[in-house]
Structures are given as C-alpha cells and as structure tokens.
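Structure, as structure tokens:
Just so you know, ligand 1 is whichever comes first in the structure, and atom 1 is the first atom listed for that ligand.
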Amino acid sequence: PISHSKSPLIHAKFAQQSKQAMHYGRLQPELGGFAKAAQEFFAAGGKGMNVTVPFKLDAQALADALTSRAQLAGAVNTLWIQDGKIYGDNTDGAGLVRDLLAQGLALNSARILLVGAGGAARGVIGPLLEQAPKCLVIANRSNAKADDLVKIFADLAAEYEVALESRTFSDLENPAITQYPFDLVINATAAGLDNQSPLSHAAAANVFVPSSFAYEMLYGKTTNFMQQALQRGARVSDGLGMLVEQAADAFLIWRGIKLASSIDPRAVLAQLRS
Ligand code: ATR
C-alpha cells in the first residue's frame, strides 16, 4: 500500500530546494494492471515515476531500455520517458550505499553480511560490490536463492576482488563455519513486517559485536533485528536514509544531474526524522 508513502513529501522537498515546478503523486494500479497504468500516465504527459513492490518486475518489463545496474538488479524502481522511449533504472543500491557512507561507514575492505535474497537484496548487491568490501556473504532462509545470487554477481565480485559467498541460516549459527563477526549486517528480508528477525539468537550472537553496524531496510520502527544488534552493543540504522537517497537519485534522473548541488537529502532526512 502506498497511501502512507513518504515519497511525495520527499520529492516536494527536493523540488522546493532546487526551485523546480514538479508534482509527484501516487498511483496504485490493481495487480496485473501496472503496464496499462504506466502507459496511460506517460501518454497523459507524465515524465517519470518511481515504482515499488510488487511492481518492480513489471516496470522492468515495460521499459524499452535499461541501465546496466537495473539489468543486474533484476528490477526497476525509476522510469522516465525521453523522445517517446521509456527508460528504466534502479537507484535502490546507490541509495543504500550513500546512506551508509553518510553515516560514517567505511565500506572499502569491510566484511559485510547481507541477509535475504529477494528483490530488495538483489537490488543492492551491485553497488555494494563496487565499494570493494573485503567480503560479501549472502544468507537466506531458502538457500538456493542465495546461491543463485552468488552466481549472478560472480563476475562483478571478481572485478572488485570481493570474496562473494553464500551461507545457510544454520551456517550462521555455527561459529566454525564463517569468520565472524561482520562490520556491517544488512537485513534485506521482509521478516520485520511480521515482527520477526531472520537471525536466530545463536546467529545474532555470532555476527554482532559492538563495532558492528546493523542496517535494517525497513523504516518506521525498531525491528527485532535492530534490537538483537542493540543488545550486543552494535550501532543500528533503519532504512529511512536509503529511501531518501534513492529518491534523490531518481529526482536527479528526472530533473537533471546539474541539480545535484541544489538538493540536500540529509536535510530532508533530518526533517523526516523530526
Ligand atoms: P523483496 O522484493 O522485498 O525482497 P521477496 O522477493 O518476497 O521481497 O523477498 C523477501 C525476502 O525476505 C526473502 O529473502 C525471504 O526469504 P525466502 O527467500 O526464504 O522466502 C525473506 N523473508 C521473509 N520473511 C522471513 C522470515 N520470517 N525469516 C527470514 N526471512 C524471511
């Protein structure tokens, strides 16, 4: 549901900061109705849109051309029209990386654990690898999906000399299997929506130390995953900064990169938090 989406407010702030005349609203098609709704939007003069779950794959299918990061991400969160052609990009991973860097994380040479292997996880793997961490371990409840992601991103990992590996959830509980702890643990699962954490007590005890940083992609509440990290003295963040930063990238795609210095995503984030 997008009725409580913060995106209209975020884009209104960017438009205000950069003095752009822009209207950003909400559209919620029926399941199966994405392509028709998007085509009508562009036919009526709409210039661009963000797309969220469950339509990111429909958006990818609709686009006439994709950026390479959207291809790798396997999903599209930003569409725009130019000379009658619809383009698709994915700004989620870049948004996550910028939020992490803005919070003072050193990603280069970091040991990263990514929990989850759905669309949200896949969308951020490319930009994380491009930061050249020491290792990126992907763990998912259904192991095969994590293995698939390791295969898809193997070439990019080799290019940036990152050890990219998958682990099962039971591996995470076994101190002998992975070199613990992690500098950064990202929760890209939907478990928080059900008030659950993907990490068992034993896994949390292995992966977190006080110097760890736990990043929850959801926002608006302190999830069980964040609580597990806090209990072990780790720093935590929710995903509100990622939301603002991915929006900033989309805004610059639509309105022009020349506005990059006119918008201030961190100020918008601070306003949202207050
Ligand atoms: P999204 O596009 O938001 O990533 P998704 O493709 O449905 O949505 O993926 C949801 C992710 O959350 C998956 O990694 C899922 O694990 P499975 O692949 O094993 O289904 C994970 N997930 C959801 N609920 C979970 C829970 N309670 N514990 C652990 N992982 C969970």
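Nearest non-hydrogen protein atom to atom 5 (P) of ligand 1 is Gly118 CA, 4.1 Å. At the shortest separation from atom 17 (P) of ligand 1 among protein heavy atoms lies Ser142 OG, 3.4 Å. Closest protein heavy atom to atom 12 (O) of ligand 1: Ala190 N, 3.0 Å. Residue, atom and distance of the protein heavy atom nearest to atom 20 (O) of ligand 1 are Arg141 NH2, 2.9 Å. In this structure, atom 3 (O) of ligand 1 lies nearest to the protein heavy atom Ala120 CB, 4.0 Å. The protein non-hydrogen atom at the shortest distance from atom 27 (N) of ligand 1 is Gln196 OE1, 2.6 Å.
Atom numbering of ligand 1 starts at 1 in the shown order; those under 4.0 Å from a heavy atom of Gly119 are 1 (P), 2 (O), 4 (O), 6 (O).
Ring pair Phe251/His11 is parallel by interplanar angle, where below 30° counts as parallel and above 60° as perpendicular. Note: Tyr215 and Phe213 have parallel aromatic rings, judged against thresholds of 30 and 60 degrees for the angle between ring planes.
Pairs passing the salt bridge (charged side-chain N to carboxylate O under 4.0 Å, His left out) check and including a residue from residues 201-211, sequence neighbours excluded, do not occur.
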Throw together a table of side-chain donor-acceptor distances under 3.5 angstrom for residues 220-244, partners on residues two or more places apart or in other chains.
unit_1	atom_1	unit_2	atom_2	d
Lys221	NZ	Gly192	O	2.9
Lys221	NZ	Asn195	OD1	3.0
Thr223	OG1	Glu216	OE1	2.6
Thr223	OG1	Met226	N	3.3
Asn224	ND2	Asn195	O	2.7
Gln228	OE1	Ser197	OG	2.6
Gln228	NE2	Leu199	O	2.8
Arg232	NH1	Gln228	O	3.0
Arg235	NH2	Gln103	O	2.9
Ser237	OG	Gln103	NE2	3.0
Asp238	OD1	Leu240	N	3.2
Asp238	OD1	Arg273	NH1	3.3
Asp238	OD1	Arg273	NH2	2.8
Asp238	OD2	Arg273	NH1	3.4

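A donor-acceptor pair shorter than 3.5 Å cannot be found between the side chains of Asn206 and Glu173. In this structure, a donor-acceptor pair under 3.5 Å is absent between the side chains of Asn77 and Asn50. Between Ser166 and Asp147, the side chains place a donor N or O and an acceptor N or O closer than 3.5 Å (distance only, hydrogens not considered).
Put simply, atom 9 (O) of ligand 1 has protein non-hydrogen atoms near it, under 4.0 Å away.
Only the backbone of Ala117 comes within 4.0 Å of ligand 1, judged by heavy-atom distances.
Across Asn195, Leu199, Thr189, heavy-atom proximity to atom 11 (C) of ligand 1 is greatest for Thr189.
Ionic pairing of Asp99 and Arg266 is present here: one or more N-O contacts between side-chain nitrogen and carboxylate oxygen are shorter than 4.0 angstrom.
Residue Asn140 places a heavy atom less than 4.0 Å from ligand 1.
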